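What you are looking at is a predicted structure, and each value in this text was computed from that prediction instead of being measured. In this chain, numbering begins with 1 at the start of the sequence shown. Read the numbers this way: they start at 1 and go in the same order the structure lists the ligands and their atoms.
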Amino acid sequence: MNKKFKVGVLGATGMVGQNYLKLLANHPWFEVVYLAASPNSAGKKYTDAVAGRWHMDANIPEACRSMVVEDASNVAKAVEKCSIMFSAVELDKPSIIKLEEEYAARGFAVISNNSAHRATEDVPVMIPEINHTHLDIIPQQRKQRGWQEGLLVVKPNCSIQSYMLPIYALIAAGYPISQMIISTMQAVSGAGYPGVASIDLIDNVMPTLADEEKKSEVEPAKILGKVAGGKIVPDTSIKISAHCNRVAVTDGHVACVSLKFAGKKPELDEVIKIWRGFKSLPQELKLPTAPIPPIIYRDEPDRPQPRKDRDAGNGMAVTVGRLRPCNVFDIRFVGLHHNTNRGAAGGAILTAELLVAKEYIK
Ligand code: NAP
């Protein structure tokens, strides 16, 4: 690529926004040129806007330090400055829907971390290795909404990536699944900053993520669905029961999964072979953020662990372990992914790369 695409970040001062800046700092295709947040940050130099609340383990990228943060609601200001807008604003749902649609209507490719549009029928919920074909809806999305060059795609809740790739690999290999029970242990960074009060979390587990449980049960059906008639028709063939808990881990969501196959069952060694051999379009296209391999199976009895495995594949690979027979269903395993990387900014950047590779962003 001779010329980099100019990109902006809405919610650039927040936890996910900061991750975008960190991950895009040396990106071969994208250059951050536009930062926006709430009216509280607007007009400030980025370093001043995040003073005392820069949470990344890398310094603020040099190119962003003296950029002036804009008010995200001033859509006109961003026009002609960039073509891709990553959205990670914390607002009520109707305001997010209005804001993101306004950017798409003005010609931006909007890739959102927010949940507001995940149930919208013509908006794909992307895990690029699984549902890259859902991007085929974009011409219809543009036609239905009267958008010329703009588009809107979202990424799923950060609770589901640790098991969606492993289960999809099995389905794609010819082993459909009928039922799943999932128990997650989710890191504090998933709640933004300051997130859960330390007095609630230290020496404790918070079993209060009812919202995440609902998303974990609903979003997989859309991701596994098909594009038909100008919308994404969910595949509801898997019955899912989820338990989601917040634990005192900084980054890295863990999921313990038991699953039942709909028909024939693979042997355990075949499951491992399928996971280790899995790859998809992002790997074939050699997208810059695509992890190779996307699924890492570890034989050790005490893996995966957040501290040791969350950065695998630059925080984009899913690490799986402890595969064994299940006494109730067919098999069980433990999955892990980096929630703010694969589960948030990294997953959205991979989606943007796929949009470029498929020429939906020109
Ligand atoms: P956060 O740390 O609280 O950051 C929120 C961002 O939204 C800040 O940049 C804030 O700007 C901006 N904002 C607040 N009010 C605004 C307004 N009225 N207009 C424009 N911008 C406004 O939250 P976060 O953890 O980064 O999460 C952001 C979004 O991503 C949320 O919808 C969240 O559900 C989703 N998400 C988060 C994760 C995760 O791992 N944390 C994962 C997936 C999805 P100021 O600094 O100026 O207030």
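- By the criterion of a heavy-atom distance under 4.0 Å, the backbone of Ser189, and not its side chain, is placed next to ligand 1.
- With 3.5 Å as the limit, one finds no donor-acceptor pair spanning the side chains of Gln161 and His253.
- When only interatomic distances are considered, the shortest N/O to N/O separation between Pro39 and ligand 1 does not fall below 3.5 Å.
- No hydrogens or angles considered: a donor-acceptor pair under 3.5 Å links the side chains of Asn339 and Ser189.
- Sparse packing is recorded around NZ of Lys143, with 12 or fewer heavy atoms of other residues, nucleotides or ligands lying under 6.0 Å away.
- Nearest to atom 2 (O) of ligand 1 among the protein's heavy atoms is Met15 N, 2.9 Å.
- The proximity of Leu91 to ligand 1, defined as any non-hydrogen pair under 4.0 Å, is limited to the side chain.
- Cation-pi check for Lys4 over Phe30 is not met; the charged atom does not lie both under 6.0 angstrom from the ring centroid and within 45 degrees of its normal.
- Of the candidates Ala88, Ala37, Gly17, Ala88 brings a heavy atom nearest to atom 6 (C) of ligand 1.
- Nearest to atom 12 (C) of ligand 1 by heavy-atom distance, out of Glu70, Glu90, Arg53, is Glu90.
- Interface of Ala72 with ligand 1, defined as ligand atoms under 4.0 Å from a residue heavy atom, comprises 20 (C).
- Here Ser41 has heavy atoms under 4.0 Å from ligand 1 in both its backbone and its side chain.
- Under a 4.0 Å N-O distance rule, the pair Lys77/Asp71 does not qualify as a salt bridge.
- In summary, the atoms of ligand 1 found under 4.0 Å from a heavy atom of Thr13, numbered by their order in the structure, are 8 (C), 9 (O), 10 (C), 11 (O), 45 (P), 46 (O), 47 (O).
- Distances from atom 4 (O) of ligand 1 to the heavy atoms of Ser112, Ala12, Gly14, Gly347 show the closest one on Gly14.
- Within the 4.0 Å heavy-atom criterion, neither part of Lys44 lies near ligand 1.
- Checking Asn114 against Glu100 by side-chain atom types alone, a donor-acceptor pair falls below 3.5 Å.
- Using a 4.0 Å cutoff on heavy atoms, Gln18 does not count as a contact of ligand 1.
- Under a hydrophobic-cluster definition in which Ile, Leu, Val, Met, Phe, Trp and Tyr are linked whenever side-chain heavy atoms come within less than 4.5 Å, directly or via other members, Val33 and Val79 are assigned to the same cluster.
- In terms of protein heavy-atom proximity, atom 16 (C) of ligand 1 is closest to Ser38 CB, 3.4 Å.
- The closest heavy-atom contact to atom 39 (C) of ligand 1, among the options Asp251, Asn341, Val16, comes from Val16.
- Nearest protein heavy-atom contact of atom 35 (C) of ligand 1 is Asn113 O, 3.7 Å.
- Under a cut-off of 6.0 angstrom, the local environment of CG in Asp302 is crowded, with over 12 non-hydrogen atoms contributed by other residues, nucleotides or ligands.
- Between Asp136 and Lys358 there is a salt bridge, since at least one side-chain N of the basic residue sits less than 4.0 Å from a carboxylate O of the acidic one.
- Close approach of ligand 1 to Asn114 (heavy-atom distance below 4.0 Å) involves ligand atoms 29 (C), 30 (O), 31 (C), 32 (O).
- Between Ala344 and ligand 1, not a single N/O pair is under 3.5 Å apart.
- Counting atoms of ligand 1 from 1 in the listed order, those under 4.0 Å from a heavy atom of Gly192 are 25 (O), 41 (N).
- In this structure, CD1 on Ile331 lies 5.5 Å from CG on Leu170, to the nearest 0.5 angstrom.
- For the pairing with Asp122, the side chain to side chain donor-acceptor pair (under 3.5 Å) check across His117, Arg145, Lys231 returns one residue only, Arg145.
- Taking every non-hydrogen atom of Thr340 and a distance limit under 4.0 Å, the qualifying atoms of ligand 1 come out as 40 (O).
- Ring pair Tyr103/Trp147: centre-to-centre distance not below 6.0 Å.
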